[in-house]
Amino acid sequence: MRPLSHLCATALLSLALAPSAAGAQTDSSAAPAVSVYAETRLVSRYVWRGYDLSQGNAAVQPWVELSLPFGLSANAFLTSALDDHRDVDEGQLGVGYSREVGDWEFGGGYLHYIMPGTQTEPSAADDPLETTTSGEWYAALTRNWTDGWATLTYSRGNRSGKGNSLNLWVEQDFSWGDDRWAAQPYLQVDYLDEYGAPAGLDNRLAMVEVGVPVLFTLGPVQLLAAAQVSFIPSRYVRAANLDAGASGRTVLPWFSIGVAFEHD
């Protein structure tokens with residue numbers, strides 16, 4: 001999501017993300033023909049690949065994903081900062097495909113970004129309030145193990161997001177209380193040369209993030225609370241954040257709460 005790059009990528013693989021974790025642990029041969037995962041989160045700030053896109057404001061982020069036959073999926077994501085403007089800052093539509101082979105999973109797809117252009121999240125056009133679109137193709141490789149997984153995702157952006165990015169997401173899940181409670185600590189790392197980032201690791205290592213989501217399950221409903229810290233090693237990304245009116249700090253702590261619904 002610009003995500004939730006769960007997962008999104010994430011998020012759509014990345015993004016961040018509970019649906020990706022669930023998908024990574026499911027045997028595709030036993031999966032239902034169609035399932036729905038819907039989620040709404042309130043985040044204290046929207047950090048994507050190191051960019052503080054909500055300029056330090058809280059944001060509401062609904063997300064829905066359809067798992068379809070033959071390993072196909074479709075998803076949609078919106079984000080709107082809770083500031084004075086009350087605009088939809090960004091939308092995302094995605095399609096994907098995944099296939100499991102033993103403990104490995106291979107995936108790919110396309111994400112289409114729509115930026116209406118707002119005061120909080122200006123578009124990439126000459127007029128910051130002009131609507132622009134961009135997108136990216138992605139390919140992902142996941143290694144699953146007992147209650148955990150790691151995904152490496154390569155993305156190639158186009159138009160205003162032209163460039164390359166790599167995302168590594170590692171997660172280990174823990175459950176207790178007859179599986180009604182779960183903790184999903186994760187680590188993600190973003191490397192990118194998008195938006196003309198100059199050469200050098202000090203500019204292109206955009207973000208290292210750690211987080212601990214805790215979930216409570218009530219039938220098909222999950223309640224979520226998470227604490228995250230995003231480290232921004234890139235001088236280039238920190239300068240871009242500062243120029244956009246956001247924080248130029250190296251360490252950005254934030255939190256999220258949410259509710260999710262899953263139906264097979």
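As the structure is a prediction and not an experimental result, all values here were calculated from the model. Heads up: numbering here begins at 1 and tracks the sequence.
With hydrogens and angles disregarded, a donor-acceptor distance shorter than 3.5 Å links the side chain of Asn57 to the backbone of Ser54. A donor-acceptor pair under 3.5 Å is formed between the side chain of Asn158 and the backbone N or O of Gly135. The backbone N or O of Gly71 sits nowhere less than 3.5 Å from a side-chain atom of Arg99 that would complete a donor-acceptor pair. Side chain of Ser44 to main chain of Ala58: no donor-acceptor pair is present (N/O by atom type, distance under 3.5 Å, no hydrogens or angles). Side chain of Asp89 to main chain of Ala81: a donor-acceptor pair is present (N/O by atom type, distance under 3.5 Å, no hydrogens or angles). Within the 3.5 Å criterion, the main-chain N or O of Ala244 finds a donor-acceptor partner in the side chain of Gln55.
For the pair Tyr138 and Gly96, the tightest heavy-atom approach, listed with the atom from each and the gap, is OH-CA, 3.8 Å. Nearest heavy-atom pair, Leu111 versus Gly94, reported as atom, atom and distance to 0.1 Å: CD2-CA, 3.9 Å. When all heavy atoms of Tyr236 and Gly196 are compared, the closest pair comes out as OH-C, 4.0 Å. In this structure, Ala183 and Trp176 approach most closely via the heavy-atom pair N-CZ3, 3.7 Å. Of all non-hydrogen atoms in Ala206 and Pro233, the two that sit nearest each other are O-CD, 3.7 Å. Taking each heavy atom of Ser247 and Arg45 in turn, the nearest pair found is CB-NH2, 3.9 Å.
Side-chain atoms of Trp63 and Gln61 form no donor-acceptor pair, as typed in the model, at a separation below 3.5 Å. Looking at Tyr186 and Gln184, their side chains never bring a donor and an acceptor atom within 3.5 Å of each other.
Put simply, the side chain of Leu201 reaches to within 4.5 Å of the side chain of Tyr191, judged on heavy atoms. Taking the side chain as every heavy atom from C-beta outward, Leu192 and Arg49 approach each other to under 4.5 Å. Between Ile114 and Val88 there is no side-chain heavy-atom pair separated by less than 4.5 Å. Proximity of Pro213 to Gln222: side-chain heavy atoms (C-beta onward) are nowhere separated by under 4.5 Å. Using a 4.5 Å heavy-atom threshold, the side chains of Arg249 and Ile232 count as separate. At least one side-chain heavy atom of Leu224 sits under 4.5 Å from a side-chain heavy atom of Ser256. At least one side-chain heavy atom of Ser134 sits less than 4.5 Å from a side-chain heavy atom of Met115. The closest side-chain heavy-atom distance from Asn144 to Glu105 is below 4.5 Å.
By the rule that hydrophobic residues join a cluster once side-chain heavy atoms approach within less than 4.5 Å of another member, Val64 and Leu68 end up as members of one cluster. Clustering ILVMFWY residues whenever any of their side-chain heavy atoms sit less than 4.5 angstrom apart, transitively, puts Trp145 in the very cluster that holds Leu152. If you chain together hydrophobic residues whose side chains sit under 4.5 Å apart, Val36 and Leu72 fall into the same group. Cluster annotation: Val47 is connected to Tyr195 through the hydrophobic network of ILVMFWY side chains, with a link wherever side-chain heavy atoms come within less than 4.5 Å. Grouping the Ile, Leu, Val, Met, Phe, Trp and Tyr side chains by contacts below 4.5 angstrom, directly or via other members, places Leu218 apart from Ile257.
Considering OG1 of Thr151 and CG of Leu141, their distance stands at 8.0 Å, rounded to 0.5 Å. Distance CG/Asn164 to CD/Glu194: 7.5 Å, rounded to 0.5 Å. Between Arg238 atom CZ and Asn203 atom CG the span is 9.5 Å, to the nearest 0.5 Å. Note that the CG atom of Leu252 and the OH atom of Tyr51 stand 13.5 Å from one another [nearest 0.5 Å]. With rounding to the nearest 0.5 Å, the separation of CG in Leu129 from OG1 in Thr118 is 7.5 Å. A distance of 8.0 Å separates OG1 in Thr146 from CG in Asp103, rounded to the nearest 0.5 Å.
In this structure, Arg143 is positioned above the aromatic face of Trp104, its NZ or CZ under 6.0 Å from the six-membered ring centre and within 45° of the axis.
For CG of Asp127, the number of neighbouring non-hydrogen atoms (other residues, nucleotides, ligands) closer than 6.0 Å is greater than 12.
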Self-check item: Check against side-chain contact (heavy atoms from CB on, under 4.5 Å), Val210 and Phe231
Solution: CA-CA 9 Å; Val210 293; Phe231 301 91; 4.2 Å; yes

Quiz item: Under the side-chain contact (heavy atoms from CB on, under 4.5 Å) criterion, do Trp254 and Ser230 qualify, and how do the steps go?
Solution: CA-CA 8 Å; Trp254 54 287; Ser230 300; 3.0 Å; yes

Quiz item: Taking it one step at a time, do Asn167 and Trp169 satisfy side-chain contact (heavy atoms from CB on, under 4.5 Å)?
Solution: CA-CA 6 Å; Asn167 173 269; Trp169 184 289; 3.9 Å; yes

Self-check item: Verdict with supporting geometry, Glu100 and Thr142, side-chain contact (heavy atoms from CB on, under 4.5 Å)
Solution: CA-CA 9 Å; Glu100 293 184 23; Thr142 298; over 6 Å; no

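Between Tyr110 and Trp137, the ring planes lie tilted relative to each other; the angle falls in the 30° to 60° range.
Here the rule is side chain to side chain donor-acceptor pair (under 3.5 Å) with Tyr113, and of Glu90, Glu136, Arg159 only Glu136 fits it.
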